[in-house]
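Quick caveat, the model's predicted, so the values are computed rather than measured.
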Amino acid sequence: MVKKKNKPEVKNRKLIAFTNPKSRVSEQFRTLRTNLHFSSPDGDIQSLAITSASHSEGKSTTASNLAIVFAQEGKRVLLIDADMRKPTMHETFKITNTRGLSSVLTRQIALKVAIQSAEIENLDLLPCGPIPPNPAELLSSHSMDLFFEQALDTYDLLIFDTPPVLSVTDSVILANKCEGTLLVVNSGKTEREYALRAKEALTASTKTRLLGAVINNVKVQKDAAYEQYYGTDS
């Protein structure tokens with residue numbers, strides 16, 4: 001009996017774009033993908049930072065599912081856990097975190113050795129690796145510039161899951177290096193003041209290109225016509 005390929009052993013709702021591609025939420029991630037295409041009419045975005053104002057707003061879930069829908073489109077995608085203070089990718093995708101971005105930036109191992117398979121076509125993963133004492137310095141280093149060059153030789157799109165903007169400077173550093181940045185805001189939870197402060201922190205640098213905000217956990221009424229066309233979430 002031939003085993004069917006590649007359902008990450010995840011009965012993980014966080015990866016809904018893969019586990020339930022016909023759901024309403026998955027369709028919203030595809031809409032976000034389309035909007036990102038329109039935001040860069042002169043050429044596809046090759047590097048994208050995903051952040052939020054504070055913790056638990058859904059930035060890591062957004063980064064993971066956005067990476068999946070771009071991979072489903074046929075792009076070669078590398079999803080990078082650049083939150084080197086509170087990494088979560090290894091838990092979401094059930095992979096090891098003994099090596100990763102920190103290992104590459106400190107030149108302990110080569111990039112190709114650190115990368116792991118997501119078991120999803122066109123999608124690879126680079127977890128955080130051992131948590132370093134100096135994340136901001138690593139992200140602003142020459143090693144990080146070399147990382148971009150090497151990774152973009154292989155991949156069409158790099159997606160960085162970064163720490164919250166108001167907690168540390170890491171996200172702003174990466175936003176300055178990426179072609180675009182998305183700010184994830186948790187509807188009903190994120191205070192307006194915090195969202196505005198996060199936006200100001202990101203746009204203070206002329207190098208940062210804030211593409212927009214992703215409003216998370218918005219309650220909407222079911223659309224019968226939508227359910228008939230796309231199917232249900234069950």
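In this structure, the separation between CG on D145 and CD on Q150 is 11.0 Å, given to the nearest 0.5 Å. One finds the OG atom of S47 at 9.5 Å from the CG atom of L174 (value rounded to the nearest 0.5 Å). Note: E121 CD to F18 CZ = 10.0 Å, rounded to the nearest 0.5 Å. Residue L126 holds its CG atom at 10.0 Å from CG of L158, rounded to the nearest 0.5 Å.
Side-chain contact between N122 and K75: absent, with no pair of heavy atoms (C-beta onward) separated by less than 4.5 Å. Using a 4.5 Å heavy-atom threshold, the side chains of M144 and L139 count as touching.
Smallest separation of non-hydrogen atoms from S141 and K177: O-NZ, 4.3 Å. Across all non-hydrogen atoms, the minimal contact from T61 to F29 is O-CZ, 4.3 Å. For A114 against P127, the heavy-atom pair with the smallest separation is O-CD, 4.1 Å.
Side-chain atoms of D81 come within 3.5 Å of backbone N or O of T88 as a donor-acceptor pair. Between the K59 side chain and the T162 main chain, a donor and an acceptor come within less than 3.5 Å of each other. Distance alone, capped at 3.5 Å, places no donor-acceptor pair between the D124 side chain and the L78 backbone. In this structure, the side chain of E179 engages the main chain of Q46 through a donor-acceptor pair within 3.5 Å. A donor-acceptor pair is defined here as one N or O able to donate and one able to accept, closer than 3.5 Å; no such pair exists between the side chain of R209 and the backbone of A175. For the pair T208 (side chain) and L202 (backbone), a donor-acceptor distance under 3.5 Å is present. Side chain of D83 to backbone of K86: a donor-acceptor contact under 3.5 angstrom is found. Side-chain atoms of R33 come within 3.5 Å of backbone atoms of V69 as a donor-acceptor pair (strictly under, hydrogens ignored). Listed for the E57 side chain is a donor-acceptor partner under 3.5 Å among the backbone atoms of S54. No donor-acceptor distance shorter than 3.5 angstrom exists from the side chain of S167 to the backbone of P163, with no hydrogens or angles considered.
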CA sep, side-chain torsions, deciding dist, call: F160, I50, side chain to side chain contact (heavy atoms under 4.5 Å, CB included): CA-CA 6 Å; F160 294 86; I50 312 291; over 6 Å; no
With side chain to side chain contact (heavy atoms under 4.5 Å, CB included) as the criterion, how do T92 and S60 come out once you've worked through the C-alpha distance, each side chain's angles and the decisive distance to 0.1 Å? CA-CA 9 Å; T92 300; S60 297; 5.9 Å; no
Could you walk me through whether L15 and F93 satisfy the side chain to side chain contact (heavy atoms under 4.5 Å, CB included) test, starting with their C-alpha distance in whole Å, then the side-chain angles of each, then the deciding distance to 0.1 Å, before giving a yes or no? CA-CA 9 Å; L15 301 181; F93 285 89; 3.7 Å; yes
Q72 vs I68, side chain to side chain contact (heavy atoms under 4.5 Å, CB included): CA-CA, chis, key distance, verdict: CA-CA 6 Å; Q72 289 170 339; I68 290 171; 3.6 Å; yes
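Neither I173 nor V168 shares a network with the other; the hydrophobic side chains, linked directly or stepwise wherever heavy atoms of I, L, V, M, F, W or Y lie under 4.5 Å apart, form separate groups for each. L32 and V77 fall within the same hydrophobic cluster, defined by Ile, Leu, Val, Met, Phe, Trp and Tyr side-chain heavy atoms under 4.5 Å apart, directly or through other members. Linking ILVMFWY side-chain heavy atoms closer than 4.5 Å, directly or via other members, places V184 and V25 in a single hydrophobic cluster. Under a hydrophobic-cluster definition in which Ile, Leu, Val, Met, Phe, Trp and Tyr are linked whenever side-chain heavy atoms come within less than 4.5 Å, directly or via other members, L79 and L182 are assigned to the same cluster. L152 and L101 fall within the same hydrophobic cluster, defined by Ile, Leu, Val, Met, Phe, Trp and Tyr side-chain heavy atoms under 4.5 Å apart, directly or through other members.
The ring of Y155 has its center no closer than 6.0 angstrom to the ring center of F148. In this structure, H37 has its ring center closer than 6.0 angstrom to the ring center of F70.
Remark: the S143 side chain and the R107 side chain contain an N/O donor-acceptor pair separated by less than 3.5 Å. Side-chain N/O atoms of Q108 and T106 include a donor and acceptor closer than 3.5 Å. When only modelled atom types and interatomic distance are considered, E200 and T203 share no side-chain donor-acceptor pair under 3.5 Å.
For D170, the salt bridge (charged side-chain N to carboxylate O under 4.0 Å, His left out) test picks out R85, with sequence neighbours left out.
Tested against L211, the residues L36, N35, L183 include a single side-chain contact (heavy atoms from CB on, under 4.5 Å) partner, L36.
By the 6.0 Å contact criterion, NZ on K199 is open, its count of non-hydrogen atoms from other residues, nucleotides or ligands being 12 or less.
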